[in-house]
Each structure stands twice: as structure tokens, then as C-alpha cells.
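Letters go in sequence order (proteins before strands), and every chain restarts at 1.
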There are 2 protein chains.
Amino acid sequence: MTYTIKEVAAKTNLSIYTLRFYDKQGLLPFVARNKSGYREFTEGDLNLLQTICCLKNTGMKIKNIRQYIEYVMAGPTTVELRLKLLTDHRLEVVAQQQKIQQNLAEVDYKINMYAAPNAETSVARELAFATAEKKANHLPNPYQMTK
Amino acid sequence: MTYTIKEVAAKTNLSIYTLRFYDKQGLLPFVARNKSGYREFTEGDLNLLQTICCLKNTGMKIKNIRQYIEYVMAGPTTVELRLKLLTDHRLEVVAQQQKIQQNLAEVDYKINMYAAPNAETSVARELAFATAEKKANHLPNPYQMTK
DNA sequence: TTAAACCCTAGACATAACTCTATGGCAAGT
DNA sequence: ACTTGCCATAGAGTTATGTCTAGGGTTTAA
């Protein structure tokens with residue numbers, strides 16, 4: 001009817017260490033203990049833990065996840081606060097995704113250059129430009145000139 | 001004709017500390033020094049630094065960025081190695097973006113729930129389920145029951 | 001020629017998020 | 001009752017990526 005920390009670790013792909021760490025960080029105030037002090041996870045606890053993982057996987061800081069959990073623990077009156085926290089987070093995630101897309105486009109540009117049949121030629125031209133610039137500024141050439 | 005570290009910091013939005021840190025990590029072997037030991041950045045150096053920032057902004061580890069830079073320093077014969085490094089990285093970034101999309105979809109589900117007109121009701125129902133489960137397992141109820 | 005504003009390095013400190021170690025209690029099977 | 005394996009905590013250690021401080025040389029401009 002309940003799960004041990006080991007079982008939860010297996011289900012969630014979090015390590016036992018991480019689960020205890022999250023508990024210590026105040027992310028798991030809903031997890032009960034049995035008479036020996038062992039954690040007992042219910043299905044409902046796993047649902048909440050799943051939400052925690054979603055927030056973590058989208059890059060939310062533990063501090064903010066803790067805030068969310070505190071809202072959950074406080075009951076239905078915090079719905080609006082939860083909504084604001086999640087929508088703010090959503091905006092950050094989307095912005096971050098866009099930033100990565102833009103930077104990845106530049107990486108793709110490089111990839112295309114390197115994948116082109118004349119790649120060595122264009123790279124050699126780039127290198128020639130860089131070394132010429134070093135020379136023009138009376139700076140040593142840091143590149144390995146093979147041949 | 002060349003830029004000081006301060007000017008480069010202003011251009012790149014990296015701090016002077018970060019630039020020196022990157023140099024210490026072997027990311028800037030191409031940057032020359034003047035007779036006083038001051039760094040002198042050329043335009044070509046800025047191009048390379050821009051690539052470094054792209055890789056960093058897409059989540060590449062410094063260790064791998066250093067590997068890329070080492071390939072660049074070694075000249076045009078490393079084009080294929082550079083290509084492999086970048087395409088491997090690209091795959092990781094895309095996979096990571098997809099993972100985030102999936103997790104964000106779950107966050108969106110929560111957002112929609114909280115944004116619905118009957119949000120408090122459904123949250124109260126969720127809470128009732130969780131507390132009932134705790135009770136059924138003879139565990140204390142960790143939720144703040146207002147009222 | 002001196003003050004202000006640069007530049008340098010080495011190395012300490014910071015932060016986040018784990019990860020592990022030491023030590024000891026509890027549980028289940030023989 | 002013992003052994004094995006699981007559970008607990010406290011707190012030390014790790015990794016990555018900076019950020020800052022101390023101590024000292026350099027450049028510029030009044």
C-alpha cells in the first residue's frame with residue numbers, strides 16, 4: 001500500500017541520496033514516517049513527486065520548487081499563487097528554449113560549413129585571415145601551422 | 001585594432017572574471033599578450049569567442065568546448081573531428097529540448113487546471129484523495145486543513 | 001610624478017545540486 | 001539469536017562554473 005525509499009528511487013530514476021536530499025531541502029514535507037522513522041510514500045506522494053520532477057526537469061531551482069510545495073501543503077486557497085508561480089516558470093522556460101534555438105542555429109551554421117565538400121578550403125581561408133590579423137598586429141601566431 | 005579584456009567583456013556580456021576563467025580553462029589559447037602580459041583580442045579572436053558562447057549557451061561543458069578549441073588550433077585537418085563534436089552536441093541539445101517540452105507539457109496541464117474556473121474545487125478533490133489515502137494507511141495528514 | 005584606472009596571477013570563496021561516508025537502529029529469514 | 005540488507009541522520013566531499021580578494025605591475029593624464 002505504501003512504498004519504501006528504495007522502491008520510489010527505482011520508480012522515479014532518482015537516487016536514494018537525491019530523495020533524501022530533496023526531503024532535507026523541504027521538497028517532501030508530505031512524506032510520512034512509520035514508527036521506526038522510515039519514510040512511507042503513498043500513491044499521492046508519488047504524484048506530487050512527479051510534479052517536482054517536471055519542475056526540476058524544466059530547470060526550476062529547488063528553492064522555487066519548495067515554494068510551490070509549500071503552496072500545495074497550504075491547501076486550495078493557494079491556487080492563484082501556484083498558478084502565478086507556474087506561469088512565470090513557463091515563460092522562463094520558453095524564453096530559455098528560444099535562446100537555445102538561436103544559439104543552436106549558429107552551431108548549425110558551423111556544422112554546415114564543416115559538412116560542405118569544400119570545408120577544408122573554407123577553414124583554411126578562415127585560418128589565413130586570423131593569422132594575417134595576428135601578424136598585422138605584431139602578435140604571435142597561436143595556430144599550429146602544419147606543413 | 002585590438003581589444004582589451006574590458007572591451008571584450010562589454011561586447012560579449014561575459015564578465016572580466018569569466019573571460020579570465022575561460023582562459024585559465026584553456027578556452028582562449030588564441031588570445032595573445034602584449035609586452036606587459038595584457039591580453040589583446042583581435043576580431044578573429046572575437047569570432048572564436050562568439051562560437052564559444054554559442055556552445056556554452058547551448059549547454060556544452062567547458063571540457064568539450066576546450067576540445068573543440070583544440071581542434072581549431074590544430075588547423076584544417078581537424079574538420080571532421082570538429083564536425084563530429086558539433087553534430088553530437090546538436091543531437092544532445094535537441095534531445096534535451098524535447099525532454100523539456102515533454103515536461104513542460106505536464107506543467108501546462110497543471111497550469112490549465114489551476115486556471116480553470118473550478119480550480120479550487122478540483123484542487124480540493126485532489127487534496128481529499130491524498131488525505132484519505134494517508135488515513136487509509138494510518139499515516140498522519142501533513143496538509144494544512146484550513147477550516 | 002603621482003593618482004586613477006587599468007591590467008595581471010594565484011588562490012580563496014560561493015552556489016547549486018547532488019553524492020558519499022560514518023555510525024547506528026530495524027526487519028526478515030535461517 | 002545472527003546475519004544480511006534496508007533504513008535513518010549528520011555532515012563531509014564532489015563537480016561545475018563562476019566570482020572575488022590580495023598583492024602587485026602598467027598606462028594615462030593632469
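Looking at B/Tyr3 and B/Glu43, their side chains come closer than 4.5 Å, going by heavy atoms from C-beta outward. By the 4.5 Å heavy-atom criterion applied to side chains, A/Glu70 and A/Arg66 are counted as neighbours.
Following rounding to the nearest Å, B/Met60 (CE) and D/dA16 (P) show an atom-to-atom distance of 15 Å. Protein atom OH of A/Tyr22 is 8 Å distant from nucleotide atom P of C/dA17, rounded to whole Å. For the pair A/Ile16 CD1 and D/dG5 P, the computed distance is 14 Å after rounding to whole Å. Atom C1' of nucleotide D/dG18 and atom CD of B/Gln25 are separated by 10 Å, given to the nearest angstrom. B/Lys61 has its NZ atom 13 Å from the C1' atom of C/dA16, to the nearest Å. Rounded to an integer number of Å, the gap from CG of B/Leu55 to P of D/dT17 is 13 Å. Distance, B/Asp23 CG to D/dT17 P: 16 Å, rounded to whole Å. Rounded to an integer number of Å, the gap from A/Tyr3 OH to D/dC6 C1' is 19 Å.
Linking ILVMFWY residues whenever their side-chain heavy atoms come closer than 4.5 Å, directly or via other members, places A/Tyr114 and B/Val94 in the same cluster. If you chain together hydrophobic residues whose side chains sit under 4.5 Å apart, A/Leu49 and B/Leu139 never meet in one group. A/Leu86 and A/Ile52 fall within a single hydrophobic cluster, where Ile, Leu, Val, Met, Phe, Trp and Tyr are joined by side-chain heavy atoms under 4.5 Å apart, directly or via other members.
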Pairs: protein N or O with nucleotides 1-4 of chain D N or O, under 3.5 Å:
none

What nitrogen or oxygen pairs link the protein and nucleotides 19-25 of chain C at under 3.5 Å?
| from | atom 1 | to | atom 2 | distance (Å) |
| --- | --- | --- | --- | --- |
| C/dG25 | N2 | A/Tyr38 | OH | 2.5 |

Expected list for residues 57-65 of chain B: side-chain donor-acceptor pairs under 3.5 angstrom, two or more places apart:
| from | atom 1 | to | atom 2 | distance (Å) |
| --- | --- | --- | --- | --- |
| B/Asn57 | ND2 | A/Asn103 | OD1 | 3.2 |
| B/Asn57 | ND2 | B/Cys53 | O | 3.2 |
| B/Thr58 | OG1 | B/Cys54 | O | 2.9 |
| B/Thr58 | OG1 | B/Leu55 | O | 3.0 |
| B/Thr58 | OG1 | B/His89 | NE2 | 2.7 |

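For A/Arg33 and A/Asp23, the salt-bridge test passes: some basic side-chain N is under 4.0 Å from an acidic carboxylate O. In summary, A/Lys110 and A/Glu126 engage in a salt bridge, as defined by a charged side-chain N under 4.0 Å from a carboxylate O.
Residue whose closest nucleotide on DNA chain C sits further toward the 5' end, between A/Lys35 and B/Ile5: B/Ile5.
For D/dC7, one of the phosphate oxygens OP1 or OP2 lies less than 4.0 angstrom from a side-chain nitrogen or oxygen of A/Thr4. Considering only side-chain N and O atoms, B/Arg39 lies nowhere under 4.0 angstrom from the phosphate OP1 or OP2 of C/dC7.
Between atom CZ of residue A/Arg39 and atom CD1 of residue A/Ile5 there is a gap of 4.5 Å, rounded to the nearest 0.5 Å.
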